[in-house]
Q: 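There's a structure below that I have some questions on.
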Amino acid sequence: MRVGVIGVGCSKFGVRECTLQELAFEAVMEALKDADLSQEEIDLSVVGCVGTRSYELMPAVVVNEYCGFSGKGPLRVEAACATGSAAIYSAFSSIKVGIAEIAIAIGVEKMTEVDTATSAAIGGRAGNYLWEHHFYGTTFPAYYAMHATAHMAKFGTTEKQMALVAVKAHRNAAKNPKAHFQKEISVEEVLGSRVIAHPLKLYDCSPISDGASAAILASEKAVKERGLDAIWIEGVGFSSDTSNMTMRESFVGLRATRLAAEMAYRGAKISEPLKSFDFATVHDCFTIAEIMAYEDLGFCRKGKGGEFVEKGESDFGGKMPVNTFGGLKAKGHPLAATGIAMVYEIVKQLREEAGKLQVDLKHYRALSHNVGGTGHFAWVFIFGR
Amino acid sequence: MIVESRELKLKHRIPVSRIANYWKGLEQGKVYKSVCNCGKSYYPPRAECVCGNQTEWVEIAGKGVVECFTIVHSIPACFEWSKPYRIVIARFGDVRVMGWCEDEVSVGDEVQIFTAKDGSGIWKVWFRKG
């Protein structure tokens, strides 16, 4: 029994002056309208929210009530920045085992209710608080910056190559009305922006954004009975790694991504990713993260990620267009909303509804890659029409 | 329009009795890892190995090699007392250790490990080049 996505919604990302539940409702209503369903027809709701930065510390029931799903779940999930993908998986697996026919996965995050130093201190707890943040004041940019210095030393990856990821992201986001950033930037602007955690500068980092997204999943039976159009989930992969960064196998890639991709490729019988997908959405919370993702997902050899972006292979017309919607880097990265927002972008593309950002489709298949923390969690989904 | 929430102060009391040797070591200038007779070594240390045995405390000594580093300029809450700080991860044999380092370092450089209080009065791991 296959499971398909039958409706998607996504709020505008950015600094949003509304409550968590109001923001979630924007995405939920768009998804319900997209699937032509009402709340009564949903069997289960899954609410993904990392929380802590927003005032509601136990937000699932608040979101669920406001969206009209009281009594249906809510299942609250949390997997740091991969929370959205964990929510999709919870909905997917509930349908797979027959507990639900139609389920909604909601991802919502309000990140702008606290000041930047507080937000950095919360994000710095995404690893292992006692052994890392407590002693050494690790921040989320600092974790990826350490991956960057390792990658630069081993493979000669440059700050300019990383800047090119940001330039591409902003160029695409400028055409995406839902994106936090709506303006293009130059390599010089990226390289000249203030240092956040050496070697990462302001424009190497995704912004602090509010946002919500929702996806409605249904069993093949429900899709057929209702005569709906679905984008099918053809492969699922997940993995995780140590909470302590010091215990990782290496710093030049994310093992969790590699293992999640292997699992998803095996399930969907994919042997050559470059020849199997029309495009991919990858977890580019920082520019170095996108470069490592090209390598860990098998789009290029380990160490060649910098060249991959430099040669335009991840742009429109390249070997694998990546983050055509602007990525986390420029569309925004409201943690729990991100993984489901990737599904939103993939569904729009595969239905050929992506407007100015539409990719030419040949395989009618795409990949989403969502990382939690610094490779603490990784999810890969393969979608096909 | 913005309404301010009531303030909630979160400061946890962390019970580290089972691994208190680590903090005692820091005050004596020693950095401990834990080692199990099954062959596994742990840093950060832990009282029990995943195999279920109790581990033993072993001091980390000698020179380490820098594997990655960063300098934090955008400083998180509770570290505002510090100027930008360099975080280094260095390998010492079968474990890697995180620490602060005031010397300029590159990946591949050799470092020595020591302990000292930071500006907030907390004992921790530091590295110096050489």
Side-chain angles (χ1 to χ4, degrees), chain A residues 17-19 52 54-57 113-125 127-154 194-202 205 242-252, chain B residues 1-6 8 10 12 14-16 19 22-23 26 33 41-46 66-82 84-92 95-101 105-109 115 118-120 122-126:
Chain A
E17 281 210 10
C18 59
T19 64
T52 309
S54 46
Y55 73 89
E56 205 68 80
L57 294 185
E113 291 175 11
V114 294
D115 60 74
T116 302
T118 303
S119 186
I122 296 168
R125 282 160 163 81
N128 186 304
Y129 169 79
L130 179 60
W131 296 106
E132 297 186 346
H133 184 81
H134 177 76
F135 285 113
Y136 308 109
T138 46
T139 61
F140 204 50
Y143 279 117
Y144 273 98
M146 288 192 272
H147 281 280
T149 53
H151 205 275
M152 290 164 81
K154 181 150 188 192
R194 71 186 163 89
V195 179
I196 299 297
H198 169 83
L200 301 179
K201 295 158 288 292
L202 182 67
C205 308
T242 61
S243 69
N244 281 287
M245 183 156 174
T246 49
M247 296 174 77
R248 296 294 174 83
E249 131 196 306
S250 98
F251 301 128
V252 296
Chain B
M1 181 184 161
I2 301 288
V3 172
E4 283 204 344
S5 71
R6 292 187 189 273
L8 174 66
L10 284 174
H12 303 92
I14 308 174
V16 294
I19 43 174
Y22 182 78
W23 278 264
L26 289 178
K33 62 180 175 180
S41 290
Y42 293 97
Y43 191 90
R46 44 188 280 172
V66 174
E67 290 202 356
C68 63
F69 69 95
T70 182
I71 304 159
V72 178
H73 288 262
S74 183
I75 292 177
C78 293
F79 283 82
E80 282 126 342
W81 49 269
S82 178
Y85 47 88
R86 186 180 287 102
I87 306 173
V88 169
I89 295 179
R91 176 173 282 284
F92 290 81
V95 293
R96 292 199 197 89
V97 182
M98 183 182 279
W100 274 15
C101 182
V105 287
S106 303
V107 173
D109 283 353
T115 72
D118 69 16
S120 66
I122 286 182
W123 283 90
K124 64 190 191 189
V125 174
W126 297 75

Q: Is F251(A) close to chain B through its backbone or its side chain, or both, or neither, when contacts mean heavy atoms under 4.5 Å?
A: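 The side chain, not the backbone.
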Q: Using a 4.5 angstrom heavy-atom cutoff, name the option from A153(A), G137(A), A150(A) with the most pairs to chain B.
A: G137(A)
Q: Most heavy-atom pairs under 4.5 angstrom with chain A, which of R96(B), R91(B), K124(B)?
A: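 Most heavy-atom pairs under 4.5 Å with chain A: R96(B).
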Q: Indicate the atoms forming the closest heavy-atom contact of L8(B) with L57(A), along with that distance.
A: CD2-CD1, 3.8 Å
Q: Atom CD in E4(B), atom CD in E113(A): separation rounded to 0.5 Å?
A: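 That separation rounds to 11.5 Å.
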Q: NE2/H73(B) to CZ/R194(A) distance, rounded to the nearest 0.5 angstrom?
A: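 Answer for the NE2-CZ pair, H73(B) versus R194(A), is 11.0 Å.
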Q: So, taking the atom named NE2 in H12(B) and the one named CG in L130(A), what distance separates them when rounded to the nearest 0.5 Å?
A: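 It comes to 12.5 Å.
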Q: Would you name the heavy atoms of E17(A) and M1(B) that are closest together and state the gap between them?
A: OE1-N, 3.8 Å
Q: Would the W131(A) and Y22(B) ring centres measure less than 6.0 Å apart?
A: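 Under 6.0 Å, so yes.
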Q: For a quick test of reading the model, state the closest non-hydrogen atom pair linking T70(B) to A145(A) and the distance between them.
A: OG1-CB, 3.2 Å
Q: Considering only heavy atoms and a distance below 4.5 Å, find which of H147(A), H151(A), R248(A) pairs most often with chain B.
A: R248(A)
Q: Given that the side chain runs from C-beta out, which part of H133(A) has a heavy atom under 4.5 Å from chain B: side chain, backbone, both or neither?
A: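 Contact with chain B involves both backbone and side-chain atoms of H133(A).
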Q: So which heavy atom on A117(A) is nearest to which on I75(B), and how close?
A: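 The pair with the smallest heavy-atom distance is CB-O, 3.9 Å.
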Q: Within the structure provided, determine whether I14(B) and Y129(A) are in side-chain contact (heavy-atom separation under 4.5 Å).
A: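 Answer yes - side chains close enough.
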Q: Of all the heavy-atom pairs spanning M146(A) and C68(B), show the shortest one and how long it is.
A: O-CB, 3.1 Å
Q: As an exercise, state the distance from CD1 of I196(A) to CD1 of I71(B), rounded to the nearest 0.5 Å.
A: 13.5 Å
Q: Can you name the nearest heavy-atom pair linking W123(B) to F135(A), along with the distance?
A: O-CE2, 3.4 Å
Q: Does any backbone or side-chain atom of V88(B) lie under 4.5 Å from a heavy atom of chain A? Answer side chain, backbone, both or neither.
A: neither
Q: Side chain from CB out, backbone as N, CA, C, O: work out which of these in I122(A) comes under 4.5 Å of a heavy atom of chain B, or both, or neither.
A: neither
Q: Would you confirm whether Y136(A), through its side chain, and R86(B), through its main-chain N or O, come within 3.5 Å as a donor-acceptor pair?
A: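 Not a single qualifying donor-acceptor pair exists.
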Q: Please classify the contact between T138(A) and chain B as side chain, backbone, both or neither, with a heavy-atom cut-off of under 4.5 Å.
A: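 Contact with chain B involves both backbone and side-chain atoms of T138(A).
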Q: Which region of F140(A), side chain (C-beta onward) or backbone (N, CA, C, O), has a non-hydrogen atom less than 4.5 Å from a non-hydrogen atom of chain B, or is it both or neither?
A: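 Contact with chain B: none, neither part.
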Q: Between the side chain of T149(A) and the main-chain N/O of F69(B), is any donor-acceptor distance below 3.5 Å?
A: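 Yes, the answer is positive, given that a donor and an acceptor are paired below the 3.5 Å cut-off.
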Q: Given the options K154(A), M152(A), M247(A), which has more heavy-atom pairs under 4.5 Å with chain B than any of the others?
A: M247(A)
Q: So what's closer than 4.5 Å to chain A heavy atoms on F79(B): side chain, backbone, both or neither?
A: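 The answer is the side chain of F79(B).
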